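Computed from heavy atoms alone, side chains included, the values below leave out hydrogens, waters and symmetry copies. Everything quoted here is computed from the prediction, not taken from an experiment.
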Amino acid sequence: MKLRRPAIIFILATLFLDVLGIGLVIPVMPKLVEEFQGGNVSTAAGTMGLLAAIYSLMQFLFAPLLGSLSDRFGRRPILLASLLGSGLDYLLLAWAPSISWFFLGRLVSGITGASFSTASAYIADVSPPEKRAQSFGLIGAAFGIGFIAGPVLGGLLSNFSLRLPFIAAAVLTLVNWLFGLLAVPESLPQEQRRAFAWRRANPVGSLLALRNYPVALGLTSTLFLVYLAHNTMPGIWVLYTGYRYHWNAAETGVSLAMIGIVAALVQGGLVRIIIPRFGERKALVTGLIISSCNLAGYGLASKGWM
């Protein structure tokens, strides 16, 4: 299929605004949870872990369902439903009177939160095979740029109120939803859609189906271990750096923005050089080695600058 550049621009803009909204609340959500927990850092860290686990559990249960629905009805309606769910979640968190409302919000967002996987499917639909890796690199660039601006802006807004970044994220996400509703076309042609089947629409069936694709099974296992390691960080980063290095929300936002800058440079530019020269497998192995070293570095760092 011929690469449809306007469609990719639309989807990248959608992802950028989506990530910007996520980045806005990362520096402040743990602090707000800490307030609800009476200032107890360890209890707040445990609560953040539970909030992340509930979101991930809903993703595990509902992502295959949403994926099958997108194969049947197209990517666009699933993407729009995901954005709408995220926007409503931010509004709920902005005025949450107790920690139980946070759990309700994470549950709703986890059920509808399929924007990244649906966007990846969208990109795959409109990209020829030889350009697909580069197009996925653009997703990383959009993620990186959104992650540069979001945490810094969230840290600045938190100086006025810990709730303000949630309101800003809700406005951006709902504007993003409206943009998608009005401007983003469908990427999956009618002739390429397939009938809905429950065996593909549940997580157990999806995992069992991987047995037929050994390469996909190996990559999925690798991704599981990567996410298992990496996803311990977002929930505790703000609390950990505040407890150990006495960082405030602005300093935490800058640290997250630095991650976004490097992600944008690597996935938006360096990937285009590395993959054609060394191949996807060597690039993957190298990335995993670097990731392992940096995770160990976080634990060993005795000073904030490290």
Hey, could you give me the [atom1]/[atom2] distance between [X] and [Y], rounded to the nearest 0.5 Å?
{"X": "S82", "Y": "N176", "atom1": "OG", "atom2": "CG", "result": "9.5 Å"}
{"X": "F179", "Y": "L172", "atom1": "CZ", "atom2": "CG", "result": "13.5 Å"}
{"X": "L181", "Y": "L79", "atom1": "CG", "atom2": "CG", "result": "11.0 Å"}
{"X": "L80", "Y": "R75", "atom1": "CG", "atom2": "CZ", "result": "14.0 Å"}
{"X": "L107", "Y": "Y55", "atom1": "CG", "atom2": "OH", "result": "11.5 Å"}
{"X": "L83", "Y": "W177", "atom1": "CG", "atom2": "CH2", "result": "10.0 Å"}

Begin with the C-alpha distance, continue with both residues' side-chain angles, and end with the deciding distance and a verdict on side chain to side chain contact (heavy atoms under 4.5 Å, CB included) for M29 and L51. CA-CA 11 Å; M29 186 170 178; L51 288 169; 4.0 Å; yes

I'd like to check [X] versus [Y] (side-chain heavy atoms, cut-off strictly below 4.5 Å). Are they in contact?
{"X": "T173", "Y": "Y90", "value": "yes"}
{"X": "Y240", "Y": "Y298", "value": "no"}
{"X": "L219", "Y": "L284", "value": "yes"}
{"X": "F166", "Y": "V28", "value": "yes"}
{"X": "L174", "Y": "L91", "value": "yes"}

If I compare all heavy atoms of [X] with all of [Y], which pair ends up nearest, and what's the gap?
{"X": "Q37", "Y": "I99", "value": "NE2-CG1, 4.1 Å"}
{"X": "A229", "Y": "L295", "value": "CB-CD1, 3.8 Å"}
{"X": "A96", "Y": "W101", "value": "CB-CB, 3.6 Å"}
{"X": "L157", "Y": "A168", "value": "CD1-CB, 3.8 Å"}
{"X": "D89", "Y": "S109", "value": "OD2-CB, 3.3 Å"}
{"X": "F160", "Y": "L164", "value": "CB-CD2, 4.1 Å"}

Can you hop from [X] to [Y] via hydrophobic side chains spaced under 4.5 Å?
{"X": "I289", "Y": "F278", "value": "no"}
{"X": "I167", "Y": "L104", "value": "no"}
{"X": "L93", "Y": "M58", "value": "yes"}
{"X": "F62", "Y": "L57", "value": "yes"}
{"X": "Y227", "Y": "L61", "value": "no"}

Step by step, would you call F103 with L50 a side chain to side chain contact (heavy atoms under 4.5 Å, CB included)? CA-CA 9 Å; F103 284 97; L50 289 175; 3.9 Å; yes

Side-chain donor/acceptor of [X] to backbone N/O of [Y], under 3.5 Å:
{"X": "R244", "Y": "G304", "answer": "no"}
{"X": "Q59", "Y": "G110", "answer": "yes"}
{"X": "S221", "Y": "L217", "answer": "yes"}
{"X": "S292", "Y": "L288", "answer": "yes"}
{"X": "R163", "Y": "A94", "answer": "yes"}

Identify each donor-acceptor pair in which a side-chain atom of residues 251-264 lies under 3.5 Å from a protein atom, sequence neighbours left out, and give them as a table.
| from | atom 1 | to | atom 2 | distance (Å) |
| --- | --- | --- | --- | --- |
| E251 | OE1 | N248 | N | 2.9 |
| T252 | OG1 | N248 | O | 3.0 |
| S255 | OG | W237 | NE1 | 3.1 |
| S255 | OG | T252 | O | 2.6 |

Start with the C-alpha distance between L32 and E35, add both sets of side-chain angles, then the distance that settles side chain to side chain contact (heavy atoms under 4.5 Å, CB included), and finish with yes or no. CA-CA 5 Å; L32 198 56; E35 281 191 2; 4.0 Å; yes

Starting from the C-alpha separation in whole Å, work towards a yes-or-no answer on side chain to side chain contact (heavy atoms under 4.5 Å, CB included) for N40 and E34. CA-CA 6 Å; N40 189 311; E34 187 180 354; over 6 Å; no

Could you please spell out the steps behind the ring pair (Phe, Tyr, Trp, His ring centres under 6.0 Å) verdict for F102 and F36? CA-CA 10 Å; F102 272 68; F36 280 124; 5.6 Å; yes

Which pairs with one or both residues in residues 166-182 pass salt bridge (Lys or Arg N to Asp or Glu O under 4.0 Å), sequence neighbours excluded?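 Applying salt bridge (Lys or Arg N to Asp or Glu O under 4.0 Å) to every pair that reaches into residues 166-182, excluding sequence neighbours, yields nothing.
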
